[in-house]
Amino acid sequence: MADYRKMWSDLGMDLEKHDLLCQALPEAFGAVYMSQENRPEGMDFFNFVVSEIHGVRPVELIEHQKNGGKVFGTFCVYVPDEIIFAAGGIATGLCGGSQFWVGGGEKVLPANTCPLIKASVGARLDGTCPFFKIADMYIGETTCDGKKKAWEILNQEVPVYVMDIPQMKREKDLLAWEDEIRALLEIVEKFTGHKVTLEALAEKIKVLNEKRQALARLYNARKHSPVPISGKDALLVTQIAFYDDPVRFAAQTNKLCAELEQRIAAGEGVFPADTPRILITGTPMAIPNWKLHHILETSGAVVVVEELCTGTRYFENLVDESGKTLDEQIKALAARYMKTNCACFTPNTGRIDDLLRLVKEYKVDGVIDCSLQFCGLYSTEGYLVQQALNKAGVPNIHLETDYSEQDMEQLRTRVQAFLEILKQ
Ligand code: BJ8
């Protein structure tokens, strides 16, 4: 990585502690990613992004701020980035996916909080992530209790605006959600000093739809057998989608997809055609959480699709681009985002429908429902997920894990036993 120490120091980061992360990440990435064979050349860009993870993009964000722009940190796929970009801001995903940050979060949060929340709070409080330091405002949401309280703690450090996400999907909830998007628009306009115009919003809706379409193209490639890209690589691309420049990201992903389509035409894959094909569902896997994919793909299986917020929930369903007024555009945004099926909703039958559809579309042999420890929403919904999959005759298991390495062998044992069942 180039030398960014001055930038990190200017951001008020804890350089000594951050050095430890900078030392550990390349090693972890090397072990998980560079050990793979026959990776597509198009992954070079994404490798580069990881190698410069706390450098290149932060430099761009700071440049944007120097030119008078604002940066907004987000934590949930329910937050409509289109509004932020249309007001001349930049939205960047902030979810923490590393055990490195968990300790910092535990200083202020109960130990029985999910690791995603602990890591996100720890990354900010410990001053070991430039993205958390750069963001001028965080946009939180009311999806789960842990997050709701975490915003109050983070608000002591940086302005946090919280979107009230409905818990049900009735007509009146959709209307309330439209109002929430209008309220966000007002807040963002005030904070950036820029009005959101019909033209600007139309342009950003198109840009973010193009990002979604690039990801859909990547996932379409994964429907083929033999699969032309590993699940680990596809996961990395999706994780980077949360914070890279959307136009550049779409271009690089499309380039990768063109290569994958050539592989498909030539019948080439990264795993033999008879490798068990796995769908992972559950809680999001924020960068650098590659744990379960790594275990699976070094145990004789391949992950072909993720029904996760770092997966299909992020890119499925486009925003209708035909809105002729700002109000129509807001309604279109509300309708699209409301289609996301998160366990914070009751009922959440749409997620079950999605799962059964994805099993067919991606020719899945088995499903792993994996929740982060202490996520009551997804663990509890696991019962209904299991029931539906059993009824459809789809082999499945439920796993719970955190970001630490401690349960790696235990997970591997359970995964291998599951793969044995699939082979029978
Ligand atoms: S739309 S999944 S990104 S809320 S894992 S913090 S739910 S205790 S992350 Fe999520 Fe939005 Fe839903 Fe997706 Fe809470 Fe559970 Fe932790 Fe979670």
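In listed order, ligands and their atoms are each counted from 1. Side-chain atoms are counted along with the backbone in the values below, which use heavy atoms only and exclude waters and symmetry mates.
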Here the atoms of ligand 1 under 4.0 Å from any heavy atom belonging to Ile117 are 6 (S)
Under 4.0 Å from one or more heavy atoms of Lys147, ligand 1 contributes atoms 4 (S), 6 (S), 9 (S), 10 (Fe)
If only side-chain N and O atoms count, and only distance matters, is there a donor-acceptor pair under 3.5 Å linking [Y] with [X]?
X	Y	result
Tyr138	Glu157	no
Ser299	Arg412	yes
Arg217	Asn220	no
Thr238	Glu306	no
Glu82	Tyr337	yes

**Asked** Is the number of heavy atoms from other residues, nucleotides or ligands within 6.0 Å of NZ (Lys206) greater than 12?
**Response** no
Protein N/O/S atoms closer than 2.8 Å to atom 12 (Fe) of ligand 1 number 1
Nearest protein heavy atom with distance in Å, relative to [atom]:
atom	answer
atom 16 (Fe) of ligand 1	Cys114 SG, 2.3 Å
atom 2 (S) of ligand 1	Tyr378 OH, 3.2 Å
atom 5 (S) of ligand 1	Thr283 CG2, 3.4 Å

Among Cys375, Ser371, Gly282, the residue with a heavy atom nearest to atom 15 (Fe) of ligand 1 is Cys375
With sequence neighbours left out, the residues meeting side chain to side chain contact (heavy atoms under 4.5 Å, CB included) with Ala332 are Val319, Asp320
When the aromatic ring centroids of Phe191 and Tyr161 are compared, is their separation below 6.0 Å?
no
- Query: Between His293 and Lys232, which heavy-atom pair has the shortest distance, and what is it?
  - Reply: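 That would be CB-CG, 3.7 Å.
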